[in-house]
Amino acid sequence: MCGIAGFIGSDRALLERMLDSIVHRGPDGWGAEVGEHASIGMRRLAIVDPEGGDQPVYGGGGSLALVFNGEIYNAPSLRRELEAKGRRFSTDHSDTEVILRGYEEWGTDVVHHLTGMFAFAVWDARSRELFLARDRLGIKPLYWTTAGGRFAFASELKAIFQDPAVPRRPDEGAVARFLLFRVHDNTEDTFFDGVKRLLPGHTMTVRAGADGRGEVVATRRYWEPAVNPEFSSSRPDADYAEEFAALFDRVVDRHLISDVPVGVPLSGGLDSSGVVCTMAALARQGTDLHTGGRLHTFSALYPGETIDESEFIHEVERWTGAEPHYAYPQVDEFWDEIMEWVWFQEEPTIASAPYAYYCVYRLAGEHVKVMLSGNGGDELLAGYIPYFRSYLTSAIDQRRWGAAMRELVGGFDLYRRYGTEQIRARLPWREKPVPVRDLLTGGHTKHAALDYRPSRNLNERLAADVLETSTPNLLRYEDKNSMAFSIEARVPFLDHELVEHIFALPIDQKIKRGWNRFVYRSAMRGRMPEKNRLRRSKIGFTNPETLWARARAKSIAEVFRSPEFRGRGLFEADRVATEFDRWAGGGPGEWLTFWRILVTELWMQRYVDPARLAP
């Protein structure tokens with residue numbers, strides 16, 4: 001795990017500033033290659049081959065240089081394959097060198113051979129071309145721009161802005177879509193005008209021209225998984241469960257490759273519980289977690305709050321014999337350090353819930369360097385209540401009337417609760433909150449457009465959420481909050497082999513007889529506590545956001561009445577302040593609407609307003 005950065009052109013001082021700005025991503029060392037036509041470098045967090053994994057790695061008779069952020073889980077088998085083809089290695093077991101030797105052998109098609117999370121750059125001095133690649137699911141970030149007059153890239157936005165020629169202007173369309181529709185990271189656009197993200201499963205080739213600027217000559221999508229639209233299973237449920245369990249074991253096992261201590265965040269939810277229990281079973285079978293035989297779990301607790309998950313967390317701890325560690329996020333702590341938190345997030349967030357991860361990773365940084373997360377399971381396996389609607393429309397469209405009726409009965413307790421909430425919100429005599437659009441100036445709402453219609457087919461909807469609309473923002477939060485404390489976060493649910501397997505399953509292996517994540521629950525029978533495997537509620541890593549907001553309503557109102565906020569020209573400042581006061585006093589509204597406005601303002605104060613960007 002590292003942070004990488006570079007650009008077309010030769011400027012060691014600029015490259016070092018870029019690398020210094022992301023030292024938190026790699027405090028264990030750094031490396032740079034500054035040539036006549038390109039400069040690339042990295043900050044290293046030493047996880048595999050700590051003694052021999054320095055970067056850049058060189059090849060091609062000295063014409064190739066590679067910097068890499070991530071982890072290649074099939075590096076040992078790839079190395080053997082490449083050695084059999086005659087490729088020679090200079091390191092003991094560096095996965096970085098495996099990528100470069102693979103590039104020498106297969107060229108840009110090396111991405112098809114890699115299993116893992118990655119963002120890497122290869123500079124070819126002979127062809128004067130820079131090749132960039134990002135992993136299939138976009139677990140590792142990679143940003144790029146030509147806004148400063150030359151092509152530049154980095155693992156974090158703050159590194160790109162070390163070049164004073166790159167403007168820090170908000171992208172009005174991205175900001176408006178975020179405020180109105182609660183979406184971000186669903187396209188290549190960032191919140192900064194002219195700064196893009198290389199999309200998941202894509203590569204890019206940049207050529208250094210005579211003008212020294214760099215021209216993007218090719219962008220290619222190299223992975224597009226097939227999705228099975230069929231509703232009904234063709235085999236017994238037990239076969240699917242057995243197959244899933246075996247694959248899940250293999251996936252979690254390869255995510256444990258490391259030469260440093262490994263731990264796991266435990267929310268008490270189904271997905272993180274499964275990761276913890278599988279890790280414990282593998283450790284009993286001999287897998288080394290580099291923790292002296294102990295399994296370290298890290299959880300956020302809220303004693304006395306309705307969102308507290310202690311009962312489910314402790315159930316897993318007893319089942320696995322884990323050594324637990326607890327963070328206790330507090331309202332005063334959050335508001336006191338919110339500007340620092342915004343600094344690490346780099347862009348606005350849909351909610352303040354990722355702060356819980358921030359606290360957990362801060363605690364974990366005292367004990368381990370690698371964490372395996374349960375992120376991605378809900379979007380892959382229909383873990384949210386609204387997915388039941390797509391299940392029902394799938395059944396109706398494929399004339400599975402009996403399945404639809406059985407689901408209405410089996411999931412009635414969930415539907416009733418969800419449906420009651422939806423009906424209550426629409427009762428004609430209830431006072432309605434002001435529409436978000438009325439809180440923005442008209443000149444900015446014109447920039448907002450979102451063409452999103454959830455598919456009636458559940459599997460197609462899940463694929464869209466995983467690849468485009470939901471999982472990308474979760475991965476952004478995961479990366480920012482873990483790397484803030486020099487932690488490598490891994491997400492086994494988003495291993496591309498497991499994703500392809502889940503996408504190929506029929507719909508009724510996702511939801512059946514009132515149970516979502518059906519095949520996963522079936523596979524985990526006897527492998528995790530029944531209390532967790534059969535839980536119906538869902539909370540996850542979050543904060544008591546509404547309570548925290550009302551506790552600091554005065555401070556928030558001051559932001560909404562500040563000269564900076566009023567001078568943006570983006571918000572109807574008086575209306576925002578008035579409506580927030582109504583909500584804080586118990587009136588209609590939704591806190592997350594005001595949060596999006598608040599975090600956008602704080603982000604502008606932190607990233608857009610300063611003459612010079614600094615921590």
Side-chain angles (χ1 to χ4, degrees), residues 181-183 186 225-241 243-244 269-271 274 376-428 450-471 474 493 498-525 533-540:
F181 307 120
R182 304 200 318 173
V183 298
N186 61 319
V227 177
N228 177 12
E230 295 301 317
F231 185 88
S232 299
S233 299
S234 59
R235 295 180 285 148
D237 291 341
D239 288 357
Y240 289 103
E243 189 175 55
F244 188 99
L270 184 61
D271 300 327
D378 286 312
E379 292 74 21
L380 279 167
L381 292 159
Y384 300 118
I385 299 300
Y387 287 134
F388 280 89
R389 179 177 178 179
S390 292
Y391 172 94
L392 293 173
T393 55
S394 301
I396 292 168
D397 290 348
Q398 298 189 32
R399 299 181 181 277
R400 300 297 193 269
W401 312 110
M405 292 303 299
R406 285 192 296 273
E407 196 55 45
L408 285 171
V409 174
F412 181 71
D413 60 321
L414 299 175
Y415 302 142
R416 180 179 57 187
R417 189 182 320 135
Y418 176 73
T420 300
E421 292 172 356
Q422 296 298 306
I423 293 170
R424 185 180 295 121
R426 290 168 171 77
L427 292 174
L450 182 68
D451 183 18
Y452 175 68
R453 295 179 180 84
S455 173
R456 289 176 59 87
N457 184 279
L458 176 61
N459 275 354
E460 292 174 358
R461 179 177 181 180
L462 294 173
D465 284 358
V466 169
L467 301 176
E468 299 171 12
T469 58
S470 181
T471 300
L474 297 176
F493 274 102
L498 183 59
V499 170
E500 291 171 350
H501 176 81
I502 293 173
F503 280 1
L505 292 173
I507 289 169
D508 71 354
Q509 287 299 312
K510 313 294 175 57
I511 295 177
K512 182 176 284 190
R513 295 191 288 275
W515 294 100
N516 58 15
R517 293 177 282 192
F518 180 79
V519 68
Y520 176 56
R521 291 181 192 269
S522 300
M524 296 307 295
R525 184 179 289 110
R533 190 180 75 87
L534 298 178
R535 66 175 297 187
R536 304 282 274 176
S537 61
K538 176 172 180 56
I539 298 175

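In this text, all values refer to a predicted model and were calculated from it rather than measured experimentally.
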**Q** Look at atom CZ of Arg399 and say whether more than 12 heavy atoms of other residues, nucleotides or ligands are closer to it than 6.0 Å.
**A**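 No, the 6.0 Å shell around CZ holds no more than 12 heavy atoms from other groups.
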**Q** Are the side chain of Ser394 and the backbone of Leu458 linked by a donor-acceptor contact shorter than 3.5 Å?
**A** yes
**Q** Find the distance between CZ (Arg456) and CZ (Arg389) and round it off to the nearest 0.5 Å.
**A**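 Rounded to the nearest 0.5 Å, the CZ-CZ separation comes out at 8.5 Å.
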**Q** Rounded to the nearest 0.5 Å, how far does OH of Tyr240 lie from CG of Leu505?
**A** 7.0 Å
**Q** Under a 4.0 Å threshold between the charged nitrogen and the carboxylate oxygen, would Asp237 count as salt-bridged to Arg513?
**A** yes
**Q** Look up atom CG in Leu392 and atom CE in Met405, then write down how far apart they are to the nearest 0.5 Å.
**A** 10.0 Å
**Q** Please check this pair: side chain of Tyr520 against backbone of Leu270, looking for a donor-acceptor N/O pair closer than 3.5 Å.
**A** yes
**Q** So among Asn459, Leu380, Asn516, which one has a side-chain contact (heavy atoms from CB on, under 4.5 Å) with Lys510?
**A**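 Single side-chain contact (heavy atoms from CB on, under 4.5 Å) partner of Lys510 among Asn459, Leu380, Asn516: Asn459.
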**Q** For Pro229 and Val227, which heavy atoms make the closest approach, and how far apart are they?
**A**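 Scanning both residues completely, I find the closest heavy atoms to be CD-O, 3.3 Å.
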**Q** Quick check: Tyr391 with Phe518 (ring centres under 6.0 Å apart)?
**A**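 That pair fails the under 6.0 Å test.
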**Q** Below 4.5 Å, heavy atoms only, C-beta onward: do Ile396 and Trp401 meet side chain to side chain?
**A**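 Of all side-chain heavy-atom pairs linking Trp401 with Ile396, at least one is under 4.5 Å.
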**Q** Is the backbone of Arg521 close enough, under 3.5 Å, to the side chain of Arg533 for a donor and an acceptor to pair up by distance?
**A**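 Side chain of Arg533 to backbone of Arg521: a pair is present.
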**Q** Do Pro506 and Ser232 have side chains that get closer than 4.5 Å, going by heavy atoms?
**A** no
**Q** Would you give the length of the straight line joining atom CG of Asn457 to atom CZ of Phe231, rounded to the nearest 0.5 angstrom?
**A** 10.0 Å
**Q** Compare every heavy atom of Ala504 with every heavy atom of Asn228, then report the nearest pair and how far apart it is.
**A**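 Smallest interatomic distance, heavy atoms only, reads ND2-O, 3.0 Å.
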**Q** Let me confirm one number: the CG-CZ distance from Asn186 to Phe181, rounded to the nearest 0.5 Å.
**A**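 Between Asn186 CG and Phe181 CZ, I get 11.0 Å after rounding to 0.5 Å.
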**Q** Would a 4.5 Å heavy-atom cut-off, applied to side chains only, mark Leu467 and Pro225 as touching?
**A** yes
**Q** Any idea which heavy atoms bring His501 and Phe244 closest together, and the distance?
**A** CD2-CD1, 4.2 Å
**Q** Does the Asp378 side chain pair with the main chain of Tyr384, one donor and one acceptor, at a distance under 3.5 Å?
**A** no
**Q** Over all heavy atoms of both residues, which pair between Glu243 and Arg235 is shortest? Give the atoms and the distance, please.
**A** OE1-NH2, 3.2 Å
**Q** Find out whether Arg406 and Lys512 are in side-chain contact, i.e. whether some heavy atom of one side chain is under 4.5 Å from a heavy atom of the other.
**A** no
**Q** When rounded to the nearest 0.5 angstrom, what is the spacing between CZ in Arg517 and CD1 in Ile502?
**A** 11.5 Å
